[in-house]
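Heads up: the structure comes next, in structure tokens.
All ligand and atom numbering here is 1-based and tracks the order in the structure. Since the structure is predicted, the reported quantities are computational estimates derived from the model, not experimental observations.
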Amino acid sequence: MRSASRRKFFMFKKLLIANRGEIAVRIIRACRDLGISPVAVYSEADRAALHVRLADEAYLIGGAASADSYLRIDRLIDVARQSGAEAIHPGYGFLAERAEFARAVRDARLVFIGPTPEAIEAMGSKTNARQAAIAAGAPVVPGTTTPLTSLDEARAVSAEIGYPVMLKAAAGGGGKGMRLVATDAEMTSAFETAQAEALAAFGDGAVYLEKAIERPRHIEIQVFADTHGNVVHLGERECSIQRRHQKVIEEAPSPINDEGLRERMGAASVEIARSVGYTGAGTIEYLVSDLTREFYFLEMNTRLQVEHPVTEMVTGFDIVREQITVAAGHQLSFKQADVELRGHAIECRVYAEDPENNFLPSPGRITRIRVPTGPNVRNDAGVEAGDEVSIYYDPMISKLATWGRTRDEAIDRMRRALDEYTLDGIRTTLDFFRQVMRDDEFTNARLDTGFIERFQARRQRARISEFVAPAEPLTDEGETIAVIVAALSFHEGQTTRTAATVSADATPSQWRLAARAALRRGRSTF
Ligand code: MV4
């Protein structure tokens, strides 16, 4: 009787986390809040990992390579059985969007913390997803809703909607297998290559096409659905600051959204989720034109996303907790009318990468770390001092997020938090973020998908200017000039000043090569 009144609803006792790193740690925290015992799995490279130390039980599932461990559906199901876990949370990446995994979990009479395999499949094919979005009344980019069957069809559709167009893999997503085609003349070879690439990457050569939206912003809507028919949205995240289709900085809300646009994007997203019988947390991606503020459905991610913390900070909801309670059969703990966006949140993905060397991964041991804290600062990390950032997995160290009543306040706090963050032993992107947070384009919210490229070029010019003889000031971007520079900035500790000749719009690596060559030649020092 007592326990019945205390446990009003069913809840899992044990939950297996089929993931590693910061997201495994995040899920462990949600388990603790709910009184659920977290079970970890790990690879040979992760024997000493933080998620293993924090869980109640941990099971070795195989070798360091993901294919031998975190992608092994059979072993994950075995561990769930062996440990007595009733549910499996896939996190993001690895098996999170594999319908085959969701189905294997269900077939083993376990609960998958996420949508049904049918909903994952409905969104896994990008052409099917476009059909679902159209059926739900959402705007999509003009293009095809079925795979292209011939070159002639590709040319005819392109002529009709107008170049430039994008060829995309139907089985792709996240920018993989995408190709910009500027003219009809390019289409023949582009179509063949796109098909071949799609086949090689996804085992499915189907491609479709869309009109290319120029200088788009990437804005996504967080949706949530329970098994009782409640479907809500939690507003948007602005994710335009990306590099090679990897998000680098995310914020909520988007600085360009207003109530009207949010309302329309939110309503479209709820209809899309409803139309595929979606359950759990999901994200609907849109391209938004900076000029017209029109939005176009792009794809749906049927998982928890890396950047969910910024939504949690402006809504006050715990998205992972809600995923677990919804999977246990509860109703969503809030209704659409309860969703209020308060203030502004920004997240920086701190990576073990060298921004001065084309963001090359910088794995290794973290010898010392001081993590920022204080009011409205959150750092989701999968590592501590003494831990190793492995070469086998994504080299993200932590997600640093700050909240403020306004965007400016969130930026002020992010500057402070980044200055407080110290990490020794490996190279990181911390300094890169310190500079972005002081960049006028960023603070003025001129965010589009070309931001990082422009920022890096600006930074390089500023850096070159420091070393240019005053008689030879740098001219505008793009103009080819000979400049006398010191190469020392590229060689830590090096003090020799050396002449190098490069173009002002050279890429950082071209610049570095020229500087290195000049150093080797020992050209005129000044
Ligand atoms: C596009 C596009 C322009 N037009 N589709 C890249 C990620 C994938 N989700 C879709 N992507 C794009 N699709 C049309 N019709 C431009 C991109 C794109 C992009 C989108 C969001 C954020 C960064 C990007 C970087 C390059 C290209």
With under 30° as parallel and over 60° as perpendicular, where do the rings of F317 and F334 fit, or are they tilted in between?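 Ring orientation, 0 to 90° scale: parallel.
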Are the side chain of K399 and the backbone of V306 linked by a donor-acceptor contact shorter than 3.5 Å?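 At least one qualifying donor-acceptor pair exists.
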Can you report which non-hydrogen protein atom sits closest to [atom], along with the distance?
atom                    : result
atom 18 (C) of ligand 1 : M178 CE, 4.1 Å
atom 16 (C) of ligand 1 : M166 CE, 3.6 Å
atom 20 (C) of ligand 1 : L287 CD2, 3.8 Å
atom 24 (C) of ligand 1 : T449 CG2, 3.5 Å
atom 8 (C) of ligand 1  : G175 N, 3.4 Å
atom 26 (C) of ligand 1 : H245 CE1, 3.5 Å
atom 9 (N) of ligand 1  : E285 OE1, 3.3 Å

In this structure, which one of H89, H51, H308 forms a side-chain hydrogen bond (donor to acceptor under 3.5 Å, both in side chains) with R26?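 Only match with R26 under side-chain hydrogen bond (donor to acceptor under 3.5 Å, both in side chains): H308.
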For S254, the option from R262, H218, E220, E238 that meets side-chain hydrogen bond (donor to acceptor under 3.5 Å, both in side chains):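 Testing each of R262, H218, E220, E238 against S254, the sole residue satisfying side-chain hydrogen bond (donor to acceptor under 3.5 Å, both in side chains) is E238.
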Please identify which atoms of ligand 1 are closer than 4.0 Å to at least one heavy atom of [X].
X    : result
E299 : 9 (N)
L298 : 9 (N), 10 (C)
V141 : 15 (N)
Q242 : 22 (C), 23 (C)

Around atom [atom1] of [X], are there more than 12 heavy atoms of other residues, nucleotides or ligands at under 6.0 Å?
X    : atom1 : result
E118 : CD    : yes
R106 : CZ    : yes
R438 : CZ    : yes

Any nitrogen or oxygen of I213, side chain or backbone, less than 3.5 Å from one on ligand 1?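 Looking only at distances, the answer is yes, because the N/O contact criterion of under 3.5 Å is met.
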So, is E210 polar-close to ligand 1, with some N/O to N/O distance under 3.5 Å?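 Yes; at least one N/O pair falls below 3.5 Å.
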Considering only heavy atoms, which of K168, Q246, K211 lies nearest to atom 15 (N) of ligand 1?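 Residue with the shortest heavy-atom distance to the ligand atom: K211.
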What I want to find out is whether R215 reaches D448 closely enough, with some N-O distance under 4.0 Å, to be called a salt bridge.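 Salt bridge: yes.
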R237 pairs by side chain to side chain contact (heavy atoms under 4.5 Å, CB included) with which of E347, E285, Q305, E251?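 Single side chain to side chain contact (heavy atoms under 4.5 Å, CB included) partner of R237 among E347, E285, Q305, E251: Q305.
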